[in-house]
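Everything numeric here is computed off the predicted structure, so don't read it as measured data. Below, all heavy atoms of this structure are taken into account, side chains as well, without hydrogens, waters or symmetry copies. All chains are named by letter (A, B, ...) in the order of the sequence lines, taking the proteins before the strands, and each is independently numbered beginning at 1.
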2 protein chains.
Amino acid sequence: MTRTSPAGTPLGDSFHVYDTTLRDGAQREGISYSVADKLLVARHLDSLGVGFIEGGWPGAMPKDTEFFARAAAGELELKHAALVAFGATRRPGAKAHEDPQVLALLHSGAPVVTLVAKSDRRHVERALRTDIAENCAMVRDTVRFLVGEGRRVFLDAEHFFDGYAYDPACALKVLESAVDGGADVVVLCDTNGGQLPTGLAETVTDVVARTGFRVGIHCQDDTSCAVANSVAAVQAGASHVQCTANGYGERAGNADLFAVVGNLVTKLGMPVLPADSAAELTRVSHALAEIANIAPDTHQAYVGASAFAHKAGLHASAIKVDPELYNHIDPVTVGNGMRVLVTEMAGRASLELKGREFGIDLAGQPQALSSAVRKVKELEAKGWSFEAADASLELLLRREMREDADLPAAEPPFTLESYRVLLDRRPDGAIVSEATVKVRVDGERVIATAEGNGPVHALDAALRKGLLPHLPWLDTVELADYKVRILTEHPGTDAVTRVLVESTDGDHEWTTVGVHGNIVEASWLALCDALVHKAMHVSQLTTS
Amino acid sequence: MTRTSPAGTPLGDSFHVYDTTLRDGAQREGISYSVADKLLVARHLDSLGVGFIEGGWPGAMPKDTEFFARAAAGELELKHAALVAFGATRRPGAKAHEDPQVLALLHSGAPVVTLVAKSDRRHVERALRTDIAENCAMVRDTVRFLVGEGRRVFLDAEHFFDGYAYDPACALKVLESAVDGGADVVVLCDTNGGQLPTGLAETVTDVVARTGFRVGIHCQDDTSCAVANSVAAVQAGASHVQCTANGYGERAGNADLFAVVGNLVTKLGMPVLPADSAAELTRVSHALAEIANIAPDTHQAYVGASAFAHKAGLHASAIKVDPELYNHIDPVTVGNGMRVLVTEMAGRASLELKGREFGIDLAGQPQALSSAVRKVKELEAKGWSFEAADASLELLLRREMREDADLPAAEPPFTLESYRVLLDRRPDGAIVSEATVKVRVDGERVIATAEGNGPVHALDAALRKGLLPHLPWLDTVELADYKVRILTEHPGTDAVTRVLVESTDGDHEWTTVGVHGNIVEASWLALCDALVHKAMHVSQLTTS
């Protein structure tokens, strides 16, 4: 029998972390999950230990129907979570057991069903065009039918807070109909997202006191309070909280799973995830951003790359002494790390700390430190940014160290003479990108030409082709990600392009940066840094 | 005499909207304001009607010193706001009137000074390395000196909430010293950002009850609750709220000015801005993102481009009837608009609504509507996205309409035969980008060659050079913004590039999209759509 309640969380069935990334989260502008994506997302969420995973709306969305079919066929084995199908109640005037949408929920094979129902009288009358009595009957009949078929049923009371403010008796009747039919959680949804914590908590307290029902909460972020509202609802008695990964969702989004769980675990001391799962929050957040194909929000609470990054000159020197005074929690708790940012506001203290991350002791070389600070400032003024490009920064610091110590410059693995890129769109529509590089490596002059999908790809291919016979380790190095940012100081002025290249050799990832008015040259600079960085670590290994 | 309190807000000095974008906001990773930027930001904030603009830390940051000097010299005329200099109290053991940092605050010419002071005993002892008595004397002396010199002084009590939890008496002593010295607002700062609304509101209530002081609030977003915390503090008695534009700030950022003000104005009915200013929130938010050179957060509450955008197939048909049932406020209140998104989840209803925005009646042409839906889905599957590219979508819809009505295809203003782009990095390091286009226009074959900063710029220049003699309206069209997104379905597969081009003719802006494996071809497609869109509107004007 498939699971209908969470497994392995210390709080068991008494508290539900309910994820709706695959249904409500998918409403976010820009997200389009394939079925394979959905299966992958569900596996990540399950590995984190959420109690319920809402997989979609079978019967309404073909992809979702397929997702449930493939999950039921064995493609999705869940360790912790129960799988949930989302759908609507029977249509007005129809019979639940004959309604094709209701049957699709049953046939999805999901052990848990969340039904959405209108709880604002205006929506019942104006959008659904029926009356309260029929609306309640639709809820009761559908819940009863599905419970009778062995399903656990939750009710999403849509527009609940607006509805309760407008006509509380009507809103409560919908909840009563659901519980009467056999639903065991009624979820109060702030569908338009207009609530603030104080008012929302009052309503939750009121509903719990008046009905005694088990209450859940579902918040949208239209007042930028979705996380606070969710936490306030829990404090007011809700024991089921619906979230989406990274707050993905329609309009301003939903309550962010990672921030809600982070707050419940670290601030309220509620063990809502299995032991050790909190330490996976950052990893899972980034993995789910990757699958959604959305750049992670670097400033996201708890899990963002900047969430524990300190820039301020004001604090940088004190942070060296007492990091715990400057972080609201130990970043390790949520699988994140503290970083020190290199920026024009920071200066010596930050750069020294940063050097320590690379295993470089700059404290002993004040000259090198000063000239590195100056160099970084100069480059940043031209649009370079080392905040996300540690590998380029490490190269810069090591170069300054050598100069200061009067050591010869490290031998670069290759030097460029020139390159040429040709792009041809022919009258038949075919497009050819071809690059030729002329480089010196091992004292030899090498000329190589290659084609690619675009100018940068062709250039990368030509360079590798020329270098590979001389630098066999190149074979393991791959371009993992490539990001382009056009920097326009002000409209009308010439833009510069900043390119970030993330490389991997299977064991490590590293990021390098290039900035230039010409996108191809900016890419070239970042590509070269990536290879030089790898070469440096290869030579350290062979000489040590 | 320069103003020391806000002018023109209905609430006058009794409530302070205090902006610290230029100081605390500038700590955000990636922000680097020039002095000209800072002046521009201040003008925008003043036009919105905030009460106080914290301009920076004169004496500590050279750019900030220059900013205050240029502001005092007449480059910044404020209608509503008072200008604030931020800085530290005198050093331990020093005299306030001799401390160079304190004197720099005085000499900045700012009529208001915000002093930051430690209010957590651990920070006093471990970071400042002094005792409570001296810390309090530093606060009292410095405030008294600046007040004696005619300045209005606020106190930022750093790490207040952590400090109050650890040693309340010590934290309160710091506030008392400031008020004793003549400060008239003590600002409770959640510097590490670890608070939740309930606990934070209790502390604010407590402090107000125990001291009777005028209390302000400053929140960081590390629990994703900065906006909720700020609003909760106001509800608990704070009458001065410190925010930053778009929540810019260190780590997870600060409380977002636009969400806080949006909530105070539309939810709590507090007229904290001059009449009609709320309608400027969206415009100012986007202008400040532009100056910070950070892509606006499309999902930001109130002001994001998606904040009132509806995607759900679930609701799209009902939204046509009753838009006010699906938005928490009328978007016009904050200068935003409702949009309907075109996505695979939406379908006919959304596309029909979207057509209406363009003045196209698709309801009367079901065939055209069906084939447009099919076309959009096909393209979206290949990585196209029309959500941010209305002009490309309008072209697509108009083409389908014509085909359905059996009208001849609209004559495009030009047709491409071929192009060629050549990029040469020469041994001396010079880089040349040159493009040649061959197009047909007015029945003539035109060949034009031009150089540019990069491949796309050269291509754009060559195209314009060839077309301008035939299409004189081209002269007014400029490329306003150019965005590149690399779409990797999954690591290892071939990436496609999506380019968005924003164009302007001085009166209107429009955005077009191009997608291709080759970045230059993707750019070409978006550039062509931009010109065709303009041509279409030119021909509508001349034929009507």
Legend entry - Sub-4.5 Å side-chain heavy-atom contact between A:Leu422 and B:Arg420: yes

Inset, instruction - Identify the residues of residues 429-438 of chain A whose heavy atoms come closer than 4.5 Å to a heavy atom of chain B, ordered by number, or report 'none'. - result: A:Ile431, A:Ser433

Inset, instruction - Specify which of A:Asp221, A:Leu416, A:Asp162, A:Val260 makes the most heavy-atom pairs with chain B at under 4.5 Å. - result: A:Leu416

Inset, instruction - Please name the pair of heavy atoms, one in A:His310 and one in B:Glu250, separated by the smallest distance, quoted to 0.1 Å. - result: CA-OE2, 3.4 Å

Legend entry - A:Thr223 backbone acceptor or donor facing B:Asn263 side chain under 3.5 Å: yes

Legend entry - Any donor-acceptor N/O pair, B:His299 side chain to A:Arg251 backbone, under 3.5 Å: yes

Legend entry - More than 12 heavy atoms of other groups within 6.0 Å of A:Arg122 CZ: yes

Legend entry - N/O donor-acceptor pair under 3.5 Å between A:Asn453 side chain and B:Gly517 backbone: no

Legend entry - Reported OH-to-CG distance for the pair A:Tyr302 and B:Asp222, which is rounded to 0.5 angstrom: 8.5 Å

Legend entry - Top contributor to chain B contacts, counting heavy-atom pairs under 4.5 Å, from A:Asn327, A:Thr504, A:Val231: A:Asn327

Inset, instruction - Would you give the length of the straight line joining atom CG of B:Asp424 to atom OG of A:Ser418, rounded to the nearest 0.5 angstrom? - result: 7.0 Å

Legend entry - Main-chain N/O of B:Leu325 paired with A:Asn192 side-chain donor or acceptor, under 3.5 Å: yes

Legend entry - Under-4.0 Å salt bridge between A:Glu417 and B:Arg426: no

Legend entry - Ring-ring centroid check B:Phe161 A:His328, cutoff 6.0 Å: no

Inset, instruction - Provide the closest heavy-atom pair for A:Ser224 versus B:Ala301 in the form atom of the first, atom of the second, distance. - result: N-CB, 3.6 Å

Legend entry - Most chain A-contacting option - heavy-atom pairs closer than 4.5 Å, from B:Leu128, B:Leu196, B:Asp120, B:Leu479: B:Leu196

Legend entry - Heavy-atom pair with the smallest gap, counting every atom of B:Pro455 and A:Val520: CG-CG2, 4.2 Å

Legend entry - Heavy-atom contact with chain B under 4.5 Å, split by part of A:Pro427: both

Inset, instruction - May I ask you to decide if A:Gly194's main-chain N or O and B:Lys267's side chain share a donor-acceptor pair within less than 3.5 Å? - result: yes

Legend entry - Under 4.5 Å from any heavy atom of chain B - which part of A:Ala307: backbone

Legend entry - Under 4.5 Å from any heavy atom of chain B - which part of A:Leu268: side chain

Inset, instruction - Select, from A:Gln300, A:His123, A:Glu521, the one with the greatest count of heavy-atom pairs under 4.5 Å involving chain B. - result: A:His123

Legend entry - Sub-4.5 Å side-chain heavy-atom contact between A:Ile519 and B:Val456: no

